Structures are given as C-alpha cells and as structure tokens.
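First up is the structure itself, then whatever we jot down about it.
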Amino acid sequence: MFALLAAFVVACLLFLSKPCARDMRLFLASLFQQLALSLLGFLAGLRLLGGVAAAPETMPLMPSFKRKRAAAMVGNAEEVAAAAGGEPSVLLDLPELAIDCILERLPPAELRSMAAVCRSMRERCRSDHLWERHMSDKWGRVLGRAARDEWRAHLASASQSGAAGSASGCGGGKRRRWLAALSCVCPVVSWMRPRADSGKSSGPVLDDSIMSWYLSMESGKFWFPAQVYNREHGHVGFMMSCYDAELSYDYHSDTFRARYPPHGRRTVVLEDGVQWDRVRAPPVDTLAHDLHASDCLHELRPGDHIEIQWRRNKEFPYGWWYGVVGHLESCDGNEHFCRCHLSDTVVLEFNQYTPGSRWRQALVNRKDHREEGNEGDGFYGGIRKLHSKNDISKWRQLWPTDILE
C-alpha cells in the first residue's frame with residue numbers, strides 16, 4: 001500500500017517533465033486504478049480485523065496476470081486434448097508412430113490448434129511432411145515455380161523489415177528505462193509494458209516452412225503470381241485468353257483478388273471475385289513481356305490445339321490465346337492427302353470469332369517464327385502445343401455462348 005503511494009508521488013514528479021508528459025498520463029491512470037484496488041483491499045482487511053463479515057472472496061491487492069495467462073494456456077491445452085480424445089500427457093505418452101498417424105489425419109485448422117498444446121506438439125505440427133499434402137491439395141493447381149520464387153523473396157523482405165524494425169525500436173528505450181526505474185520503487189510497475197504504436201498483433205512469425213506458406217496464402221497477405229482466364233470478369237476483349245496477374249486469396253468468399261500489371265496508359269487493374277476455375281499456375285516460365293521460344297513448330301499438324309502469345313501493341317504484356325492448327329487454303333482437308341504439315345506456313349484458327357473476322361485466322365512461319373503483326377491486328381508471339389487433355393478440356397469449358405465478332 002505504502003509502496004503504491006510512493007510510486008504515485010514519484011510519478012507526479014516525473015509528470016512535470018515535458019518529454020514524458022504523454023506517457024506519464026497513461027501511466028498515472030493505470031497506477032491510480034491499482035491504488036484504488038489496493039485501498040479497497042485494505043479496507044476489506046480492516047473489516048475482517050474488526051469482526052465484520054466479509055464476502056467469501058475478496059478482491060486481490062494486485063491482479064495476477066501471469067496466473068490468468070497460465071490458466072488460459074492450460075485451458076486451451078485441455079480443450080485440444082479433449083478434442084483429440086484425452087489429456088495432453090496421455091496423448092504425448094503414445095508411441096511416436098501413433099502420434100504421427102493421428103496428426104497426419106488432422107485437417108489444417110485442427111493441426112494448427114494442436115500446435116498450441118505444448119512445445120513438443122508445436123514442433124511436430126509444424127513439420128513439413130504434415131503440410132505438404134494440405135499445400136498440394138488446396139494450392140497446388142494455382143502455384144507454380146514463379147510463386148515459390150516470390151515466396152522466398154517475400155521471406156527475405158520480411159526478414160529485412162524485421163531487422164530494420166528492431167533497429168528503429170530503440171527510440172522507445174526512454175519509456176522502458178523510466179518504467180524500469182520506477183519498478184524499483186513499486187513492484188506493480190514490473191508487469192506494465194508500453195503498448196505498440198500500431199495497436200495490432202504482429203501475427204504469426206514467418207519462416208521457411210510449408211505451414212507458414214500455407215497460412216500466409218490463406219490469410220490473403222501473400223500476393224503470388226499466377227494466370228487468370230478471361231480477365232476482367234470475362235470482358236469480350238479478353239475472351240478465350242489467359243493473362244498474368246498477382247493474386248491474393250479471400251478466405252471469406254473463397255475467391256481471389258487479381259491485380260493486373262499496368263500497360264500503356266492504363267494503371268493497375270483490380271478484379272475481385274475471381275473463381276478457382278479461372279486461375280491456373282503459369283505453364284511456362286516466360287515473363288509477360290518476353291517472347292516465348294517456340295519449340296513445337298516442326299511438329300504442328302492440322303487439328304492440334306495450341307496457345308499463342310498475343311498483345312495489342314508493343315507496350316502491352318502478352319496474353320496466351322487458344323486456337324487450333326488449320327489447313328492451308330490449297331488443301332481440301334482430306335487427311336489422306338493433306339500435306340499441310342510439310343509446308344513452311346502454319347495456319348492458326350481462332351474459331352471463337354465469326355468467319356471473315358480479322359481475328360479469325362493468322363499465318364506464321366514454321367522455320368523462322370518471331371513476333372509477327374502490326375499495330376492494327378496486334379502482334380503474335382511464341383506458340384506452345386497443348387498435349388494435356390485437361391488443358392484442352394479447360395478451354396472448351398470457357399467457350400463463349402455467342403460467336404465473337
């Protein structure tokens with residue numbers, strides 16, 4: 001009680017110092033509250049000494065925050081253990097193989113909860129072999145090599161930001177020093193901590209683990225490179241195409257937010273509500289502004305399914321457009337007499353456009369194909385042949401209901 005009064009007097013003296021005025025106002029409010037609690041406890045003690053009946057449970061002189069935190073952690077462990085079918089000690093007493101079998105069958109949310117039981121379970125539940133399957137099942141079809149490289153760069157950037165934050169955090173040393181000095185007079189100050197400037201929790205620590213990558217993906221805080229079919233909500237100018245974008249997952253709607261890079265006079269374009277079936281991992285490592293090296297021209301035959309790079313002008317990024325290899329004008333289409341595959345000219349047909357449209361057909365040179373086109377019809381780039389039936393089926397699912405002009 002007297003220690004609190006002494007601390008209150010010292011705090012009032014420090015309040016006269018202008019550099020500490022703002023911090024001391026917050027401290028005095030908290031200290032006054034503790035002084036009031038101590039006074040109530042002191043009066044309750046006098047009532048007990050005077051023979052006056054007291055309540056069965058009196059207010060403690062100082063709240064034991066450590067005790068409450070420990071009780072909360074124990075309660076959390078008991079709840080998780082109950083969900084697993086027993087006490088934590090019983091679960092940890094199981095053979096190693098049995099524990100691994102149990103953890104392998106847990107979904108991501110339960111596996112994350114089990115990691116909060118104790119240090120031993122935290123190390124087990126963060127193991128990469130437990131999260132590889134979850135990562136592949138949910139994110140495998142939208143993540144490619146570029147996304148993995150971006151994740152490594154994200155980790156490196158977060159590490160550098162953390163180091164810079166630690167250095168800049170030295171500015172709060174004055175507040176910590178006078179709180180530490182004051183704690184020598186009054187122990188109540190020892191549990192006080194200055195609040196962070198942001199007022200928000202920092203969240204889980206990023207590390208080079210599959211669990212960390214999975215949770216970052218699901219939280220939507222990590223933007224990863226991928227490709228989007230029929231961008232900008234299926235705009236007619238992008239039908240039957242697939243463009244590069246940066247995506248972020250929205251847990252509440254189970255969709256993605258796409259961020260398309262700027263081109264020409266257009267700024268960054270954002271699109272919300274991108275469904276899973278419109279997203280794919282980039283099939284090649286070619287960047288959006290680079291010409292893809294075509295390695296399939298010599299084997300292209302009429303009827304083959306292809307994707308070709310196309311862009312409106314030199315300032316635009318390439319998009320991948322679906323088409324098929326057609327017959328030369330001199331060929332009647334009879335497969336027994338067709339010699340189109342021997343010609344140096346390859347006919348590409350885009351049957352989503354009406355016959356007679358300038359976008360319906362394009363001719364490329366089989367032996368020396370480079371970017372071809374003009375400012376009116378656009379520029380055609382590299383070609384990749386589709387071998388997978390799933391890829392071909394995907395384009396057919398996206399086929400427009402009406403023929404494009």
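Position 1 is the first residue of the sequence; numbering continues from there. Since the model is a prediction, treat every value here as computed from it, not as a measurement.
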Donor-acceptor contacts, no H, no angles, side chain residues 229-239, under 3.5 Å, sequence neighbours left out:
| from | atom 1 | to | atom 2 | distance (Å) |
| --- | --- | --- | --- | --- |
| N230 | OD1 | M240 | N | 2.8 |
| E232 | OE1 | R266 | NH2 | 3.4 |
| H235 | ND1 | G237 | N | 2.9 |

For this session: Quick one: pull up OH in Y249 and CZ in F256 and give me the separation to the nearest 0.5 Å.
Result: 7.0 Å
Seminar exercise, completed: So NE2 of H369 and CD1 of I308: to nearest 0.5 Å the spacing works out to 5.0 Å
For this session: For atom CZ of R259, decide whether the heavy atoms of other residues, nucleotides or ligands shown that lie under 6.0 angstrom number more than 12.
Result: yes
Problem set entry | Y243 vs Q227, side-chain hydrogen bond (donor to acceptor under 3.5 Å, both in side chains): CA-CA, chis, key distance, verdict | CA-CA 5 Å; Y243 275 78; Q227 292 182 348; over 6 Å; no
For this session: Find the distance between CG (L155) and OG (S212) and round it off to the nearest 0.5 Å.
Result: 6.5 Å
Side-chain donor-acceptor distances from residues 130-148 under 3.5 Å, at least two apart:
| from | atom 1 | to | atom 2 | distance (Å) |
| --- | --- | --- | --- | --- |
| W131 | NE1 | C125 | O | 2.7 |
| R133 | NH2 | E104 | O | 2.8 |
| H134 | NE2 | L106 | O | 3.2 |
| K138 | NZ | E218 | OE1 | 2.7 |
| R145 | NH1 | D285 | OD2 | 2.8 |
| R148 | NH1 | G144 | O | 3.3 |

Exercise. Please, which pairs that meet side chain to side chain donor-acceptor pair (under 3.5 Å) have at least one residue in residues 322-336, sequence neighbours excluded?
Worked result: H305-Y322
Exercise. Considering only heavy atoms from C-beta outward, does the side chain of V274 approach that of V228 to under 4.5 Å?
Worked result: yes
Problem set entry | R105/E110 ion pair, N-O < 4.0 Å | no
Exercise. Does the side chain of S343 reach to within under 4.5 Å of the side chain of L328, using non-hydrogen atoms?
Worked result: yes
For this session: Measure up the Y380 and F350 rings against each other and bin them: parallel (under 30°), tilted (30 to 60°), perpendicular (over 60°).
Result: parallel
For this session: Let me see the working for F222 and W151 under ring-ring contact (aromatic ring centres under 6.0 Å, His included), right down to the final yes or no.
Result: CA-CA 8 Å; F222 175 60; W151 171 245; 5.3 Å; yes
For this session: May I ask you to test the P282-P225 pair for a side-chain heavy-atom distance under 4.5 Å?
Result: no
Problem set entry | Greater than 12 external heavy atoms within 6.0 Å of K314's NZ | yes
Problem set entry | Sub-4.5 Å side-chain heavy-atom contact between E246 and Y260 | no
Seminar exercise, completed: The salt bridge (Lys or Arg N to Asp or Glu O under 4.0 Å) partners of E299 (sequence neighbours excluded) come to K385
For this session: State whether the number of non-hydrogen atoms from other residues, nucleotides or ligands found under 6.0 Å of D208 atom CG is greater than 12.
Result: no
Problem set entry | CD-CD1 distance between E349 and I306, expressed to the nearest 0.5 angstrom | 10.5 Å
What pairs of donor and acceptor atoms, side-chain ones from residues 387-404 against any protein atom, are under 3.5 angstrom apart with sequence neighbours left out?
| from | atom 1 | to | atom 2 | distance (Å) |
| --- | --- | --- | --- | --- |
| S388 | OG | N390 | N | 3.2 |
| K394 | NZ | D277 | O | 2.3 |
| W395 | NE1 | E307 | OE2 | 2.8 |

For this session: Give the intermediate values and the outcome of salt bridge (charged side-chain N to carboxylate O under 4.0 Å, His left out) for residues D304 and R301.
Result: CA-CA 6 Å; D304 287 343; R301 293 172 172 267; over 6 Å; no
For this session: Give me the one residue out of R358, R360, R312 that meets salt bridge (charged side-chain N to carboxylate O under 4.0 Å, His left out) with D377.
Result: R358
Problem set entry | E405 vs S357 side-chain heavy atoms within contact, under 4.5 Å | no
Problem set entry | Aromatic centroids of W223 and H154 separated by under 6.0 Å | no
For this session: Please determine which of V347, N351, L348 meets the side chain to side chain contact (heavy atoms under 4.5 Å, CB included) test together with Q361.
Result: V347
Problem set entry | Partner set under side-chain hydrogen bond (donor to acceptor under 3.5 Å, both in side chains) for D272, not counting sequence neighbours | R257
